[in-house]
Protein chains: 2
Amino acid sequence: MKIGELSRATGTNIETIRYYERIGLLPAPSRTAANYRSYGDAHRARLAFVRHSRDLGFTIEEIRSLLDLSDHPERDCADADRIATRHLEQVEEKIAQLALLREELSRIVGRCRGGIAADCRVIEALGDHAQCESAH
Amino acid sequence: MKIGELSRATGTNIETIRYYERIGLLPAPSRTAANYRSYGDAHRARLAFVRHSRDLGFTIEEIRSLLDLSDHPERDCADADRIATRHLEQVEEKIAQLALLREELSRIVGRCRGGIAADCRVIEALGDHAQCESAH
DNA sequence: TATGCACCCTGTATCAACTACAGGGTCAAG
DNA sequence: CTTGACCCTGTAGTTGATACAGGGTGCATA
């Protein structure tokens, strides 16, 4: 498989594949006579693992740990669960934070009745620090 | 006000204040004889506006537009409402996306019963692309 | 007077996770 | 024989800061 095919097979940008290789997330594949990268099915599976993990929001370093575990099936897998659990907590935290943010934005938005900026409640709300504090 | 005082007054890192000046978000203040930056209350208000906007997740470019409106009170403020409304939509989209993510992470997490990585459901779930697809 | 300390200055490098070229090589079809 | 699709390396840019290195300033204290 050439890099373009791997790219299509996994929905990953070609530049991103080369980037993953450069940072050591994917092993360097063998090369053809023309110095083209040549991938096999193991590469495809590993890249799919990485993409799926990235889609779930794991960082590259977390994925490194997860791949390391995946490469050493005899090891204790408690780490994997720990990484995933912590990540889930972070996601939940982020959701809570965005929900607060949505509250405040909702209060700000839609209060502009087409006037001039001098009377704009949106601009006013952004400048007014007290309004933010008292709202919480 | 010296930069350290402005920093404490607005809860903004000193380096960040200088960064905002460098990218033209804050006007360059006058200097003391010793070449120290010297801020007034207008600077403080403008920085508070920026910080509040950043806390709400507006990008620097959006803040530039909002500040521009704030600087020209005679202009139509429909833009401000448009920027805030679009941002609210983006926040809502992000929340929805993170909620989906939380679903999948919840399914993955906690299935590890302390065995070895070979049997780990977390690792398995990450590698298994089909499981992800079918789940949606 | 010296000296220590907190504060300030500029300029550049670093972070995450990519993405986007520039400038060149390879290969098959028309 | 040339056009086009594909591949290569290496470097620079993105966002929103943050972190020095290497130096200057200003005030209190020994």
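Below, each value reflects all heavy atoms present in this structure, side chains not excepted, and no hydrogens, waters or symmetry copies. A note on names: the letters A, B, ... follow the listed sequences, proteins ahead of strands, and every chain is numbered from 1.
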Query raised in the report: Is the backbone N or O of B/F49 less than 3.5 Å from a side-chain atom of B/S53, with the two atoms forming a donor-acceptor pair by type?
Result: yes

Query raised in the report: Under 4.0 Å between a side-chain N/O of B/R37 and OP1 or OP2 of C/dT10, yes or no?
Result: yes

What side-chain donor-acceptor pairs closer than 3.5 Å can you find for residues 23-37 of chain B, not counting sequence neighbours?
unit_1, atom_1, unit_2, atom_2, d
B/R31, NH1, B/N35, O, 3.0
B/R31, NH1, B/N35, OD1, 3.4
B/T32, OG1, B/A34, N, 3.2
B/T32, OG1, B/Y36, N, 3.1
B/R37, NE, B/E21, OE1, 2.8

Report summary line: Under a 4.0 Å heavy-atom criterion, the protein footprint on nucleotides 17-29 of chain C, written with B, S and -, is BBBBB---BBS--

Query raised in the report: Who pairs with A/D81 by salt bridge (charged side-chain N to carboxylate O under 4.0 Å, His left out), at least two apart in sequence or on another chain?
Result: none

Report summary line: Across all chains, not counting sequence neighbours, the side chain to side chain contact (heavy atoms under 4.5 Å, CB included) partners of B/V91 are A/L98, A/L101, A/R102, A/L105, B/H87, B/I95

**Report entry** Separation of atom CD in A/E21 from atom P in D/dC7, rounded to whole Å
**Finding:** 14 Å

Query raised in the report: With A/E61, which residues qualify under side-chain hydrogen bond (donor to acceptor under 3.5 Å, both in side chains), at least two apart?
Result: A/R64

Report task. Just jot down the salt bridge (charged side-chain N to carboxylate O under 4.0 Å, His left out) partners of B/R54, sequence neighbours excluded, or say none. Result -> none

Report task. Kindly write out the residues that satisfy side chain to side chain contact (heavy atoms under 4.5 Å, CB included) with A/A80, not counting sequence neighbours, or none if the list is empty. Result -> A/L66, A/L69, B/C120, B/V122, B/I123

Query raised in the report: Rounded to whole angstrom units, what separation is found between the CE atom of B/M1 and the P atom of C/dC7?
Result: 16 Å

Requested in this report: Looking at every strand, decide which applies to B/I3 at a 4.0 Å heavy-atom threshold: base, sugar-phosphate, or nothing.
Outcome: sugar-phosphate

Query raised in the report: In whole angstrom, what separates B/R31's CZ from D/dT25's C1'?
Result: 14 Å

Query raised in the report: Could you state the CG-C1' distance from B/L26 to D/dA17, rounded to the nearest angstrom?
Result: 14 Å

**Report entry** Bend angle of the helix from C/dT1-D/dA30 to C/dG30-D/dC1, from helix axes over five pairs at each end, nearest 10°
**Finding:** 30°

Requested in this report: Mind calculating the distance between CD1 (A/I14) and C1' (D/dT9) to the nearest angstrom?
Outcome: 14 Å

Query raised in the report: For A/I23 and C/dA16, what is the distance between atoms CD1 and C1' respectively, to the nearest whole Å?
Result: 10 Å

Query raised in the report: Do other residues, nucleotides or ligands put more than 12 heavy atoms under 6.0 Å from B/E74 CD?
Result: yes

Report summary line: residues 1-21 of chain B vs ring-ring contact (aromatic ring centres under 6.0 Å, His included), sequence neighbours excluded, gives none

Requested in this report: Check each residue of residues 86-97 of chain A for a non-hydrogen atom within less than 4.0 Å of any atom in DNA chain C, then write out the ones that pass by number, or none.
Outcome: none

Query - Set of residues satisfying side chain to side chain contact (heavy atoms under 4.5 Å, CB included) with respect to B/R8, sequence neighbours excluded - result: B/E5

Query - Under the salt bridge (charged side-chain N to carboxylate O under 4.0 Å, His left out) test, residues paired with B/E15 that sit two or more places apart - result: B/R18

